[in-house]
Number of protein chains: 2
Amino acid sequence: MTQPRRDFLRHMAAAGLAGSAAGAIRAAEPAPAAKADAVLTHDMSAFPPEWLGKEQIAMLIYPEFTALDLVGPHYMFTSLWGAKVHLVAASKEPVRSDAGLSFIPDLTLAEAPADLDILFVPGGSQGTLKVMQDPKQIAWIADRARRAKLIASVCTGAMILGQAGLLRGKRATTHWATHALLKDFGAVPVDERVVWDGTLVTGAGVSAGLDLGLSVVARLRDKPYAQGVQLLAEYAPQPPFNAGTPKTAPTDVHRMMGSMFDALRADMRASAKTALGS
Amino acid sequence: MTQPRRDFLRHMAAAGLAGSAAGAIRAAEPAPAAKADAVLTHDMSAFPPEWLGKEQIAMLIYPEFTALDLVGPHYMFTSLWGAKVHLVAASKEPVRSDAGLSFIPDLTLAEAPADLDILFVPGGSQGTLKVMQDPKQIAWIADRARRAKLIASVCTGAMILGQAGLLRGKRATTHWATHALLKDFGAVPVDERVVWDGTLVTGAGVSAGLDLGLSVVARLRDKPYAQGVQLLAEYAPQPPFNAGTPKTAPTDVHRMMGSMFDALRADMRASAKTALGS
């Protein structure tokens, strides 16, 4: 066993590596004394040394965001061995999702690392519009994006990136209900689930975060690593119906769900006129 | 427009219906005065009255659980119009997931409704084992399960149900890494992503919670409703690789990831000998 691999094992043991490779987020941190004798439950000695990274990842959360937009990619990002994943918000107060889950942020906007490997933004509806209309958060996103190695969004999070002027001339996607708005932000709308354009990667609605997250993991590590994470997540989806897109859903179901967003679309379109760089 | 439909609209407006149908969780609650003049952003007048339910749903969380096990089904359950979804934990302290997300519980075990429509348990690894070894939480699960209309788990959450004696003679599934342990709890192991047996529904690993959640929504409402929720989640998954199960993943990837769970499997197997009803 090589020296680096033994070091990994030591780190793993020190971190008390909780569950899943997800716990690997803490692997490269200094060993907390209290956990120094924790039992090693996950033997990761087969992991090649080059799989240990040191990414700084910031995931923005805000009132009424959609939790699944965040948690799908979070599972994948925290599976990046050695990466540090921060939940960033306007304050340290608990942030309540649109469906009532309360998350505790790690860092305020000011505290978040200046130079990020990944800047990530989830979507929502009214809460997302509020971020679009908040100059402070939009300025923070524009600032961090200037140096970030990767800029990512899921669902209507793309509207926030658009508001910060980050979609201009870029191929991008978003939730089907706001897809027509991409042009308002100067983007080239693409009807795909995950769209890469240079350092920008955007996902379609909500559950597309799992596909986007795995795609990012493959980009930052390699294919076997991403396959390992996929296997850990047992990501072999079997939706009970074929209704996940406007094209495949019954027409009346599409019409009914689409009409729920008429007001939001109008508000977001109005907001687009004030976008950075517009 | 019928009277009930107008009532729904009023409730929706009163709740300020945030984002997604997920916000519908609050639809049937009394209108908070402060929000009485909130703008109606989601027009749900096309929803037939029979889509409004009043389910009481308890989702157990515990230290080091896997967040995605919870948040996939949570998205689906909170899309049940009128349902109340509670995060239940041993105390009201924030509960940290295995990948470092901190959630705030709504209710303690004692505070959770006695009669539930759904009792749900997510998985994890070391944290899950600790719940299995905690007589208080196991007794709570056994008690609530006695009257619950539906008992559900995702991933290794099935091991907790097994510990509470709820899998004996039942067809069930769990994460591939612990699938062989189902027999230790007297279950009939089934190699499917979502397995129904009477009032018990179990999901495979982590991401299977999305399939399970939608399957439950279809059971509690109807097919068009579940299709609407699937469309809202844009759940038309496209995993970048075909490595989501032990059968489809490359052999060496499977071997590497599987070996991470040797110790956990042994500990859970030992725990099975003390299961309720064993």
Side-chain angles (χ1 to χ4, degrees), chain A residues 18-20 22-23 25 41-43 46 64 66-68 71 75 78 94 98-104 124-127 175-176 193 204-208 210-211 214-215 218 224 226-228 230-241 243-245 249-250 253 256-257 259-260 263-264, chain B residues 18-20 22-23 25 41-43 46 64 66-68 71 75 78 94 98-104 124-127 175-176 193 204-208 210-211 214-215 218 224 226-228 230-241 243-245 249-250 253 256-257 259-260 263-264:
Chain A
S20 76
I25 179 181
T41 55
H42 285 183
D43 178 3
E64 297 178 35
T66 299
L68 188 52
V71 176
Y75 182 95
T78 53
D98 57 6
L101 287 174
S102 288
F103 293 81
I104 301 178
S125 56
Q126 286 303 305
H175 192 279
W176 57 263
R193 192 150 172 90
V206 195
S207 60
L210 279 82
D211 305 307
L214 262 181
S215 169
Q227 288 174 315
Q230 184 181 357
L231 181 58
L232 204 61
E234 205 159 346
Y235 189 41
Q238 287 180 9
F241 309 107
T245 72
V253 169
M256 180 177 65
M257 303 314 280
S259 69
M260 289 169 60
L264 182 70
Chain B
S20 74
I25 179 181
T41 55
H42 286 183
D43 178 1
E64 298 178 34
T66 299
L68 188 51
V71 176
Y75 182 93
T78 54
D98 57 6
L101 287 173
S102 289
F103 293 81
I104 301 178
S125 56
Q126 286 303 306
H175 191 279
W176 57 264
R193 193 153 173 89
V206 195
S207 60
L210 280 82
D211 305 308
L214 263 181
S215 169
Q227 288 174 316
Q230 183 180 358
L231 181 58
L232 203 63
E234 204 160 347
Y235 189 41
Q238 287 180 9
F241 310 108
T245 72
V253 168
M256 181 177 64
M257 303 314 279
S259 68
M260 289 169 60
L264 182 69

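Letters A, B, ... mirror the listed sequences (proteins, then strands); counts begin at 1. Please read all numbers here as calculations on a predicted model, not as lab measurements.
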Counting heavy-atom pairs under 4.5 angstrom with chain B, the leader among A:L214, A:I104, A:L231 is A:L231
The ring pair (Phe, Tyr, Trp, His ring centres under 6.0 Å) partners of A:F241 (sequence neighbours excluded) come to none
Sorted by chain and residue number, the side-chain hydrogen bond (donor to acceptor under 3.5 Å, both in side chains) partners of B:S102 (sequence neighbours excluded) come out as none
Could you tell me which portion of A:P237 (side chain, backbone, both or neither) has an atom closer than 4.5 angstrom to a non-hydrogen atom of chain B?
-> both
Nearest non-hydrogen partners of B:P239 and A:D211, listed with the distance = N-OD1, 3.2 Å
Between B:P224 and A:V253, which heavy-atom pair has the shortest distance, and what is it?
-> O-CG2, 4.0 Å
Would you say A:V206 and B:Y75 make side-chain contact, with heavy atoms under 4.5 Å?
-> yes
At their closest point, which heavy atom of B:T78 faces which heavy atom of A:A99, and how far apart are they?
-> OG1-CB, 3.5 Å
Look only at the side chain of A:E234 and the backbone of B:W176, and say whether a donor-acceptor pair between them is shorter than 3.5 Å.
-> yes
When you measure from the side chain of A:S207 to the backbone N and O of B:A233, does any donor-acceptor pair fall under 3.5 Å?
-> yes
Top residue by heavy-atom pair count (under 4.5 Å) with chain B, among A:Q230, A:Q238, A:Q227, A:H175?
-> A:Q230
Stepwise side chain to side chain contact (heavy atoms under 4.5 Å, CB included) test for B:L68 and A:L68 = CA-CA 8 Å; B:L68 188 51; A:L68 188 52; 3.9 Å; yes
Quick one: what part of B:A249 sits under 4.5 Å from any heavy atom of chain A, side chain, backbone, both or neither?
-> side chain
So what's closer than 4.5 Å to chain B heavy atoms on A:L210: side chain, backbone, both or neither?
-> side chain
